[in-house]
Amino acid sequence: MSKRVRVRFAPSPTGGLHLGGVRTVLYNYLFAKQHKGDFVLRIEDTDQSRYVQGAEEYIFECLKWCGMEPDESPLKGGNFGPYRQSERKEIYRKYAEQLIKDGHAYYAFDTLEELEKMRHDFKTDQNTSPQYDSNIRMKMRNSLTVSSEDVKNLLEKNTPHVIRIKIPGQETVSFVDMIRGEVHFETSVVDDKVLLKADGMPTYHLAVVVDDYLMKISHAFRGEEWLPSAPVHILLWKYLFGLENMPQWAHLPLILGPNGKLSKRDAAKYGFPVFAMSWADPKTGELTEGFKEKGFLPEAFINLLALLGWNDGSEQEIFTIEELIEKFSIERVHSGGAKFDYEKAKWFNHEWIKKLKIENLQLKVIEVLKVKGLSSIEDSLLEKIIILIKDRCTLLTDFYDQSYFFFNTPDKWDVDAVKPKWNESKKLFFAELIRDFELTPDWKATVLENNFKEITAVNEIKPGEVLLPLRVMLVGGKFGPGVFNIAEILGKEETISRIEKALKIF
RNA sequence: GGCCCGUUCGUCUAAGGGUUAGGACACCACCCUUUCACGGUGGUGAUACGAGUUCGAAUCUCGUACGGGCUACCA
C-alpha cells in the first residue's frame with residue numbers, strides 16, 4: 001500500500017515571494033488536495049545572516065491571498081512540529097554525528113581563509129572552480145587527515161568546525177524524477193557539501209533530508225535549481241533513512257524572465273510584478289509591487305501560474321482551483337523552462353474579471369476604490385457601474401479609471417475635442433436637450449437616446465456631431481462606456497447640471 | 001571550465017511514429033461600435049541543425065549548436 005500523501009513548501013524567509021515560489025506552492029497544493037493528503041509549510045531559516053524581519057508573516061499573507069493555506073505550519077501547528085528549522089537545531093546534529101560514526105561524513109576544521117586559498121591554489125583552466133571533493137579532501141584539515149587524537153583535542157577546545165558529507169569517489173547516483181525520468185550523476189564530480197555549519201545550524205542539504213523524513217513527506221517538489229544537489233540528498237537518504245523511504249522527487253522547470261531566470265530586476269525593468277504581494281525591504285525600504293496590488297485577482301493569478309508549464313491536454317485555459325485540483329498531474333508538467341508573458345497574464349485576469357460573480361467582484365472593487373479615496377458608495381449604484389464597465393477592465397485598478405467620473409463632476413474637459421466644431425446651433429441643441437431631459441419621467445438610457453435622436457432630427461443636426469460633446473460634458477473626455485448608460489447612472493439632476501456647467505465653458 | 005537540465009509560431013503550448021503541425025496571448029486586416037474598449041471573423045507565423053532507425057520521424061537514437069541552472073559554512 002502506498003503511504004499517505006504529504007507534501008511541503010519550504011521557503012526561506014529572505015524577502016518577497018516570487019512567481020516561481022508561488023507556482024511551487026500551487027503544484028504542491030494541487031497534488032496534496034487531489035490525493036486528499038497534507039500540505040505542510042516549513043520555514044527554512046537556517047541562515048540567520050539572511051533572515052529578514054517580517055518575511056515569514058509576509059509568506060503567510062501571500063498564501064492566504066492565493067487561497068492556499070497549509071494544513072500544518074508554524075502558525076497552525078501540527079503533529080510534526082516545530083515547523084521552523086531554527087527551532088529544530090538540536091535535531092540535526094545527532095544525524096550528522098551518526099553519519100560520521102558510519103563513515104559517511106567527517107569533521108572539517110578549515111578556516112574560511114584556508115578554503116579560499118584552496119580555491120585559488122587549485123584553480124586551473126580545466127577546473128575554474130575547484131571543489132572540496134574526494135581529490136582535495138585529503139589535502140585539507142579534517143578528521144580524515146588529522147590524527148584522531150588531534151581531532152579529539154580540537155573538538156574539546158571548541159575549535160570552529162563543520163561536518164561535511166564524504167561523497168564516494170566512484171559511484172553512479174540515480175533517481176527517478178517524476179517530470180524528467182531517470183537522472184544520473186557521477187559522484188566523482190559531486191563535492192563534500194557542508195552538512196552542519198560552524199554555528200551548529202544545518203545547511204539545506206542536511207535539514208531537507210532530515211525534516212522530510214521526520215515529517216513523513218511522500219513527494220518533494222522543488223525548483224529545478226536544486227537538481228545539481230539532488231545526488232547529495234539521495235546519498236543522505238541512503239545513509240540515514242534508506243532509499244525505500246525517500247520521497248518521490250519532481251524538479252519543476254524554472255520560470256524565466258526576458259533574460260534567464262526571472263528576477264526582481266526584471267520587474268523594475270519591464271514594468272510587471274514578480275512578487276505575489278508587494279514587498280517592502282525593511283533594510284533598504286525599497287518597495288516592490290506585487291500582483292495583488294497591481295490589480296490581479298487571486299483566481300487569475302493561480303490560473304495563469306498553473307498554466308505556466310502545465311496543461312491538461314485539452315484546449316481549456318481558464319480553470320477554477322477546484323478544476324485544477326481535479327485535473328492536475330505532475331507527470332504533465334513540462335521539463336523545459338517557461339518564459340513569463342505579462343500580456344498573457346493580463347488576459348487571464350481579464351477573463352476572470354468577466355467570469356467572476358458580481359458580488360465577489362464588487363468586494364474587490366470596493367477595496368480598489370477605497371485606496372483611491374472613494375468610499376461609502378451605495379451598493380446598488382456600484383453594482384450598476386460594475387456591470388457596465390467590467391468588460392473593459394483588465395486589472396482591478398482599471399475599475400477606478402473607468403468609473404471615477406461617476407463620483408466626481410468633471411472640472412476639466414477635453415475642450416480640444418469639442419471646440420473646433422462648436423457653434424451656436426449646437427449650443428441651442430443642448431439647451432433644448434436640457435429642457436427635454438427635465439421633462440423626462442422615465443430616466444432610462446434607451447429613453448434618453450430616443451429623445452436625443454428626436455431632437456437632433458428636429459434640429460437637423462447629425463447625432464454624431466453632438467454625441468461627442470455630450471460625452472465630454474458628462475465625463476470630461478473621449479472615453480467611457482455608452483453615453484446614455486452613463487447618463488442613466490448619473491441621474492437626471494447630475495446629468496443636467498453637468499451639461500449646464502460645461503455649456504458655460506465651451 | 002566542469003556537471004546537470006532543456007529546445008514546436010515572437011510568447012505559453014497541443015499533437016502518446018502516419019494531422020493541410022491544432023489552440024491561446026501578442027500582432028495585422030475587416031466587421032460591430034457616431035468615444036475608447038469589449039466582442040466577432042479572417043490572416044501572418046514554428047518542429048534549432050546534421051546523421052541514423054523506419055515504408056513513414058516534431059515524436060525513437062546519436063552528434064552539433066543554442067538556451068538555462070548549479071558549481072558557498074545561501075536557500
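Reminder, nothing fancy here: chain letters follow the sequence lines and each chain counts from 1.
When the P atom is used for both B:U59 and B:G18, the distance is 11 Å, rounded to whole Å. Using C1' as the reference atom, B:U8 and B:G23 are 13 Å apart when rounded to the nearest Å. Look at the P atom in both B:A24 and B:C32: the space between them is 23 Å, to the nearest Å. Taking atom P in both B:U20 and B:A57, the straight-line distance is 15 Å, to the nearest Å. Rounded to whole Å, the C1' atom of B:G40 lies 35 Å from the corresponding atom of B:G16. Across the P atoms, B:G22 and B:C28 are found 23 Å apart, a figure rounded to whole Å. When the C1' atom is compared between B:C9 and B:A15, the two are found 15 Å apart, to the nearest whole Å. Nucleotides B:G10 and B:G6, compared at atom P, are 23 Å apart to the nearest Å.
Residue contacts for A:Phe340: at a heavy-atom cut-off of 4.0 Å it reaches no nucleic acid atom on any strand shown. Contacts of A:Gly309 with the nucleic acid, taken as non-hydrogen atoms under 4.0 Å apart, involve only primed sugar atoms and P, OP1 or OP2. Within 4.0 Å of A:Pro253, counting heavy atoms only, lies no atom of the nucleic acid at all. Residue A:His334 is classed as a sugar-phosphate contact, given heavy-atom separations below 4.0 Å to backbone atoms only. Backbone-only engagement by A:Val183 is indicated by non-hydrogen atom pairs under 4.0 Å involving sugar-phosphate atoms exclusively. In this structure, A:Gly477 reaches neither bases nor backbone, as no heavy-atom distance under 4.0 Å exists between it and the strands shown.
In the set B:C25, B:C4, B:U13, the nucleotide with an atom closest to the side chain of A:Lys344 is B:C25. For A:Glu224, whose side chain is taken as the heavy atoms from C-beta onward, the closest listed nucleotide among B:C5, B:U11, B:U34 is B:C5. Ranking B:U34, B:C4, B:A24 by closeness to the A:Glu317 side chain, first place goes to B:A24. Nearest to the side chain of A:Asp341, among B:C5, B:C25, B:U13, sits B:C25.
A donor-acceptor contact closer than 3.5 angstrom links the side chains of A:Thr172 and A:Glu186. Using modelled atom types and a 3.5 Å distance limit, the side chains of A:Ser86 and A:Gln48 yield no donor-acceptor pair.
The base-pairing partner of B:G1, taking Watson-Crick or G-U wobble contacts with both distances under 3.5 Å, is B:U71. Base pairing annotation: B:A58 forms no Watson-Crick or G-U wobble pair, as no partner gives both donor-acceptor distances under 3.5 Å. Here B:C25 sits opposite B:G10 as a Watson-Crick or G-U wobble pair (both hydrogen-bonding atom distances under 3.5 Å). When Watson-Crick and G-U wobble pairs are counted only if both distances are under 3.5 Å, B:U20 pairs with no nucleotide at all. B:G39 is paired with B:C31 under the Watson-Crick or G-U wobble criterion, all donor-acceptor distances under 3.5 Å. Of all nucleotides present, only B:G63 satisfies the Watson-Crick or G-U wobble test against B:C49, with each distance under 3.5 Å.
Not one side-chain nitrogen or oxygen of A:His233 sits closer than 4.0 Å to the OP1 or OP2 atom of B:A75. Considering only side-chain N and O atoms, A:Asn311 lies under 4.0 angstrom from the phosphate OP1 or OP2 of B:A14. For the OP1/OP2 pair of B:A15 and a distance below 4.0 Å, the side-chain nitrogens and oxygens of A:Arg332 include at least one atom meeting the criterion.
B:G6 atom P lies 13 Å from atom CD of A:Glu182, rounded to whole Å. Across the protein-nucleic acid pair, A:Phe484 atom CZ and B:U33 atom C1' stand 14 Å apart, rounded to whole Å. Put simply, CG on A:Leu256 is 6 Å from C1' on B:G68, counting in whole angstrom units. The nearest whole Å value for the distance from the CD atom in A:Glu171 to the C1' atom in B:C3 is 17 Å. Between the CZ atom of A:Phe185 and the C1' atom of B:G2 there is a distance of 13 Å, given to the nearest Å. Following rounding to the nearest Å, A:Glu186 (CD) and B:G2 (C1') show an atom-to-atom distance of 13 Å. Rounding to whole angstrom units, CG of residue A:Leu254 and P of B:U7 are separated by 14 Å.
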Fill in the blank from the handout: Per-nt protein contacts along nucleotides 37-45 of chain B (heavy atom under 4.0 Å; B base, S backbone sugar-phosphate only, - none) come out as BSS------
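Each of A:Arg180 and A:Gln85 was assigned the nucleotide of RNA chain B with the nearest heavy atom; the assignment lying further toward the 5' end belongs to A:Arg180. Along RNA chain B, the nucleotide nearest to A:Ser314 and the one nearest to A:Gly336 differ in position, and the one closer to the 5' end is contacted by A:Gly336.
Using bins of under 30°, 30° to 60° and over 60° for the plane-to-plane angle, the ring pair A:Phe185/A:Phe175 lands in the parallel bin. By the 30° and 60° cut-offs, the orientation of the rings of A:Phe479 relative to A:Phe405 is tilted.
In this structure B:C66 sits in the anti conformation; its chi angle is more than 90° from 0.
Enclosure of atom CD in A:Glu97 by more than 12 non-hydrogen atoms of other residues, nucleotides or ligands within 6.0 angstrom is indicated. Within a 6.0 Å radius of OH in A:Tyr213, other residues, nucleotides and ligands contribute 12 heavy atoms or fewer.
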Are any protein N/O atoms closer than 3.5 Å to N/O atoms in nucleotides 70-74 of chain B? If there are, list each pair with its distance.
| unit_1 | atom_1 | unit_2 | atom_2 | d |
| --- | --- | --- | --- | --- |
| B:C70 | OP1 | A:Lys261 | NZ | 3.4 |
| B:U71 | O2' | A:Gln131 | OE1 | 3.0 |
| B:U71 | O2 | A:Ser129 | OG | 3.4 |
| B:C73 | OP1 | A:Arg119 | NH2 | 3.3 |
| B:C73 | OP2 | A:Arg119 | NH2 | 3.4 |
| B:C73 | OP2 | A:Arg164 | NH2 | 3.4 |
| B:C73 | O2 | A:Ala198 | N | 2.7 |
| B:C73 | N4 | A:Asp110 | O | 3.1 |
| B:C74 | OP2 | A:Lys197 | NZ | 3.0 |
| B:C74 | O2' | A:Asp47 | OD2 | 3.1 |
| B:C74 | O2' | A:Arg50 | NE | 3.0 |
| B:C74 | O2' | A:Arg50 | NH2 | 3.2 |
| B:C74 | O2 | A:Arg50 | NH1 | 3.4 |

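When the ring pair (Phe, Tyr, Trp, His ring centres under 6.0 Å) test is applied to A:Trp347, no partner is found at least two apart in sequence or on another chain. Listed by chain and residue number, A:Phe340, A:Tyr342 satisfy the ring pair (Phe, Tyr, Trp, His ring centres under 6.0 Å) test with A:Phe272 (two or more places apart in sequence, or in another chain).
Listed for the A:Arg8 side chain is no donor-acceptor partner under 3.5 Å among the backbone atoms of A:Val40.
Between A:Glu56 and A:Arg84 a salt bridge is recorded (basic side-chain N to carboxylate O distance below 4.0 Å).
Ring to ring, A:Phe328 and A:Tyr27 are close: their centroids are under 6.0 angstrom apart.
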Which donor-acceptor pairs under 3.5 Å do side chains of residues 160-169 of chain A form with protein atoms, sequence neighbours excluded?
| unit_1 | atom_1 | unit_2 | atom_2 | d |
| --- | --- | --- | --- | --- |
| A:His161 | ND1 | A:Thr159 | O | 2.9 |
| A:His161 | NE2 | A:Arg93 | NH2 | 3.2 |
| A:Arg164 | NH1 | A:Asp192 | O | 2.7 |

Tell me which donor-acceptor pairs under 3.5 Å the side chains of residues 258-265 of chain A have, and how far apart each pair is, sequence neighbours excluded?
| unit_1 | atom_1 | unit_2 | atom_2 | d |
| --- | --- | --- | --- | --- |
| A:Asn259 | ND2 | A:Tyr270 | OH | 3.3 |
| A:Ser263 | OG | A:Arg265 | N | 3.3 |
| A:Ser263 | OG | A:Asp266 | N | 3.4 |
| A:Ser263 | OG | A:Asp266 | OD2 | 3.4 |

